[in-house]
Amino acid sequence: MDIILTALDSLNIWWWLGFAAILLVSEVLTGTTYILWPAAAALVTALLASFVGWPVELLSFAVFGVIFLILGDRFVKPLLKSAPESGLNTRATYLVGERVTVVGGFTEGRGRVRHGDTEWSAKTADGSDLAEGANVVVAALDGTRLIVKPA
C-alpha cells in the first residue's frame with residue numbers, strides 16, 4: 001500500500017504533461033478524436049497539479065475527461081466531419097462543365113461520348129437525340145453515366 005501512495009504522491013505537472021503528450025501521440029496514430037479529449041483533460045490537470053494534491057488531480061482528470069469527451073463528441077467532431085467532399089477518388093466529378101464529343105448518335109436520349117481517350121455512357125438532360133461528332137457539355141453525373149446538354 002505504501003508503494004501505491006508513494007507513486008500517487010509523485011504525481012506532478014511533468015507527469016501530467018508527459019501523459020498528455022503520450023495521449024496526443026496516440027491520437028495522431030489513430031485519428032479517432034476520442035483520445036484527444038483525455039489528452040486535453042491531462043493538460044488541464046497539469047495546470048492544476050502545482051496547486052492541489054493527487055486526489056484532486058485524479059478527480060479533476062476524470063471530470064474534465066468526461067466533460068471534454070461529451071462536448072467534443074457533440075460539438076467539435078461534427079465540425080471536423082462537415083468538410084465538403086473533395087471528389088478526390090471520383091474522377092468523373094471533374095468532368096462536370098467539360099466539353100465532350102458524341103461518339104455514336106444518341107437514340108432515345110442515350111449514347112456514348114468521348115473525353116480525351118475515354119468513352120463514357122451518357123444521356124441528354126432533356127431526352128433529345130444528338131448526332132455523332134456533336135460537341136456537348138457535361139451538366140451532371142448519374143452514377144457512372146454523364147448527363148450532357150448541347151454546347
Side-chain angles (χ1 to χ4, degrees), residues 7-8 11-50 52 54 56-151:
L8 290 172
L11 294 179
N12 59 24
I13 188 172
W14 300 111
W15 191 93
W16 287 106
L17 287 175
F19 186 51
I22 290 169
L23 289 172
L24 283 175
V25 168
S26 300
E27 173 59 40
V28 168
L29 293 175
T30 61
T32 62
T33 70
Y34 286 111
I35 305 173
L36 181 63
W37 314 124
L43 184 64
V44 171
T45 304
L47 298 174
L48 295 174
S50 298
V52 297
W54 66 265
V56 177
E57 291 175 25
L58 293 178
L59 181 65
S60 69
F61 174 71
V63 169
F64 284 122
V66 170
I67 290 171
F68 290 159
L69 179 63
I70 291 170
L71 293 177
D73 195 43
R74 182 172 202 126
F75 298 110
V76 177
K77 198 167 185 178
L79 292 175
L80 296 174
K81 300 277 185 190
S82 67
E85 189 169 328
S86 67
L88 179 66
N89 292 325
T90 313
R91 181 178 148 210
T93 59
Y94 295 111
L95 292 175
V96 174
E98 291 285 319
R99 287 185 175 268
V100 294
T101 305
V102 175
V103 175
F106 274 53
T107 56
E108 298 179 8
R110 297 178 188 273
R112 298 197 59 80
V113 295
R114 177 180 298 274
H115 181 269
D117 62 349
T118 306
E119 283 189 19
W120 294 83
S121 175
K123 66 180 181 179
T124 55
D126 58 1
S128 62
D129 292 336
L130 300 170
E132 185 173 346
N135 286 323
V136 293
V137 176
V138 178
L141 298 171
D142 181 20
T144 59
R145 179 173 288 153
L146 303 177
I147 299 174
V148 296
K149 61 182 180 182

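Values below: all heavy atoms of this structure, side chains included; hydrogens, waters and symmetry mates excluded. Please read all numbers here as calculations on a predicted model, not as lab measurements.
Remark: L24 pairs with L36, A39 by the side chain to side chain contact (heavy atoms under 4.5 Å, CB included) rule, at least two apart or across chains. Listed by chain and residue number, nothing satisfies the side chain to side chain donor-acceptor pair (under 3.5 Å) test with W37 (two or more places apart in sequence, or in another chain). Partners of A20 according to the side chain to side chain contact (heavy atoms under 4.5 Å, CB included) rule, which considers only residues two or more places apart in sequence or in another chain, are A42. Applying the side chain to side chain donor-acceptor pair (under 3.5 Å) criterion to S128, with sequence neighbours excluded, gives D126. Under the rule for a side chain to side chain contact (heavy atoms under 4.5 Å, CB included), the partners of V63 that lie at least two apart in sequence or sit in another chain are L59, I67. Evaluation of the side chain to side chain donor-acceptor pair (under 3.5 Å) rule for R114 yields E119 as partners, not counting sequence neighbours. Residues passing the ring-ring contact (aromatic ring centres under 6.0 Å, His included) test with F64 are F68, sequence neighbours excluded.
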Identify all side-chain donor-acceptor contacts of residues 142-151 below 3.5 Å with residues at least two apart in sequence or on another chain.
{"from": "D142", "atom 1": "OD2", "to": "K123", "atom 2": "NZ", "distance (Å)": "3.1"}
{"from": "R145", "atom 1": "NE", "to": "S121", "atom 2": "OG", "distance (Å)": "3.2"}

Review item, side-chain donor-acceptor pairs of residues 129-138, under 3.5 Å, at least two apart:
{"from": "D129", "atom 1": "OD1", "to": "E108", "atom 2": "N", "distance (Å)": "2.9"}
{"from": "D129", "atom 1": "OD1", "to": "G109", "atom 2": "N", "distance (Å)": "2.9"}
{"from": "N135", "atom 1": "OD1", "to": "T101", "atom 2": "OG1", "distance (Å)": "3.4"}

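Separation of atoms CZ (F19) and CZ (F61) is listed at 4.5 Å; rounding is to 0.5 Å. Here the CG atom belonging to L17 is positioned 10.5 Å from the OG1 atom belonging to T45, to the nearest 0.5 angstrom. Here CG of L95 is found 7.0 Å from CG of L141. Values are rounded to the nearest 0.5 Å. Atom CD1 of I13 and atom CG of L47 lie 6.5 Å apart (nearest 0.5 Å).
Scanning both residues, V100 and H115, for their nearest heavy atoms gives CG1-CB, 3.7 Å. Here the shortest heavy-atom pairing between Y34 and E27 reads N-OE1, 3.6 Å.
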